[in-house]
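Each chain gets a letter, A, B and so on, in the order the sequences are listed, and its residues count up from 1. These numbers come from the heavy atoms of this one structure, side chains and all, not from hydrogens, waters or symmetry mates.
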There are 2 protein chains.
Amino acid sequence: MKESATKARILDVASRLFYDQGYNSTGINQIIEEADIAKASLYNHFPSKRDLLAAYIQKAEESWFDKMNTYLEPFKDPKAKLLALFDFRVDHQIANNFAGCQFTKISAEVPKDDLRAFELVGHQKNLVKAFITEQLAQIKLGQPQVLSKEMLADTFFLMLEGASVAAGVYKDASAIKKAKAIAEKLL
Amino acid sequence: MKESATKARILDVASRLFYDQGYNSTGINQIIEEADIAKASLYNHFPSKRDLLAAYIQKAEESWFDKMNTYLEPFKDPKAKLLALFDFRVDHQIANNFAGCQFTKISAEVPKDDLRAFELVGHQKNLVKAFITEQLAQIKLGQPQVLSKEMLADTFFLMLEGASVAAGVYKDASAIKKAKAIAEKLL
DNA sequence: GTCTATAGCTGGATAGAC
DNA sequence: GTCTATCCAGCTATAGAC
């Protein structure tokens, strides 16, 4: 069931360019040139650019959670793990020159009739939200709490989403750091 | 100092199309066709598509705050006014078919060397943040507060940013409504 | 499954007449 | 300042040989 090396290389190159330049600004021609393959080979593996986009989002989701899990692995305490998620996103933004969230970017530039893309982006965000909820379930909170655990999960998730946007707009990670400080107060 | 009707019409058409289809997916050809003018007329008023984008963002900022002020005008109490900001964004997303925040969209799809665009988007977001801070300054909070007013401003701003992204991804306003419910608890 | 070659179109931008 | 006409580079996608 091993996928061809050609297909993997196409996806690697496309992933880099889609995130770096944007999906719409990256042409098939550039992808095949940098992957050093023929145009028809690309269309052999991916029937259309839209299909390549779908494959990109799925691969990016996998890669994103791999990196997240590696980063969070040392933290055993659920509260520390949850707070480290903010640090992970700071690091990730620095590593990617403050390009913003790659999934949010896709949903912002994709034509609105590409329902598949929105669904795949939503899937990644659902998993992030689920991770936050999972950690919160294991945290013992002091009494009395202003916000329920469900509301805390929404707060953290939405702040992270917003802070990632801010990172892309302002080209710095200060919003993510502020969000972490707020999260610490709320826990 | 009145601007020509041609220029205004170009900007009107471009604004609609940029938001609806995206900046990259909207060609000069479509703009001149729908505005019913010649290509050279467009380039007479806007030296490049990038300049047209800059004009679009500025006009959109103005229009956005006009609509916001109109919506919030009936609310005299600062707390009610601040909470109504969430409702305004729900309404705005519904009115725009859950296309997400138009400013965030631009920052997500513009080439990364278009510093002017990032700056103009940042300007709009600064104003939103300032409005939130302004309202909070007039609100008398109960004691003791977990979050300072500065942190509350960040929380509300980031949640609104994140919830607008979520509205665009999931095509519904539930995240904005959840953010409002959280804000009510925190005030 | 990979290649070369090209179709068919649209992109942003300009020249020159009026 | 608006028009027509056009340039050329880029786009997605396909045909057909090997």
Q: Relative to each other, are the rings of F75(A) and Y71(A) parallel, tilted or perpendicular (30° and 60° limits)?
A: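 Ring orientation, 0 to 90° scale: parallel.
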
Q: For F46(B), is the NZ or CZ atom of K7(B) found under 6.0 angstrom from the centre of its six-membered ring and inside 45 degrees of the ring axis?
A: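 Verdict for F46(B): a cation-pi partner in K7(B).
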
Q: To the nearest Å, give me how far apart CG (D51(B)) and P (dT14(C)) are.
A: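 Interatomic distance, CG of D51(B) to P of dT14(C): 11 Å.
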
Q: Under a 4.5 Å cut-off applied to non-hydrogen side-chain atoms, are K105(A) and Y23(A) in contact?
A: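 K105(A) does not reach Y23(A) side chain to side chain.
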
Q: Donor-acceptor check, side chain of K149(A) to backbone of L136(A), threshold 3.5 angstrom: yes or no?
A: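 Yes.
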
Q: Find the distance I31(B):CD1 to dT10(C):P and express it as a whole number of Å.
A: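 Going from I31(B) (CD1) to dT10(C) (P), I get 16 Å.
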
Q: Spell out protein contact along nucleotides 2-15 of chain D as letters: B when the base is contacted, S when just the sugar-phosphate is, - when no protein heavy atom is under 4.0 Å; keep the 5' to 3' order.
A: BBB------BBBBB

Q: Quick check: does any side chain N or O of K125(A) sit under 3.5 Å from a backbone N or O of F157(A), one acting as donor and the other as acceptor?
A: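 Such a contact is absent between K125(A) side chain and F157(A) backbone.
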
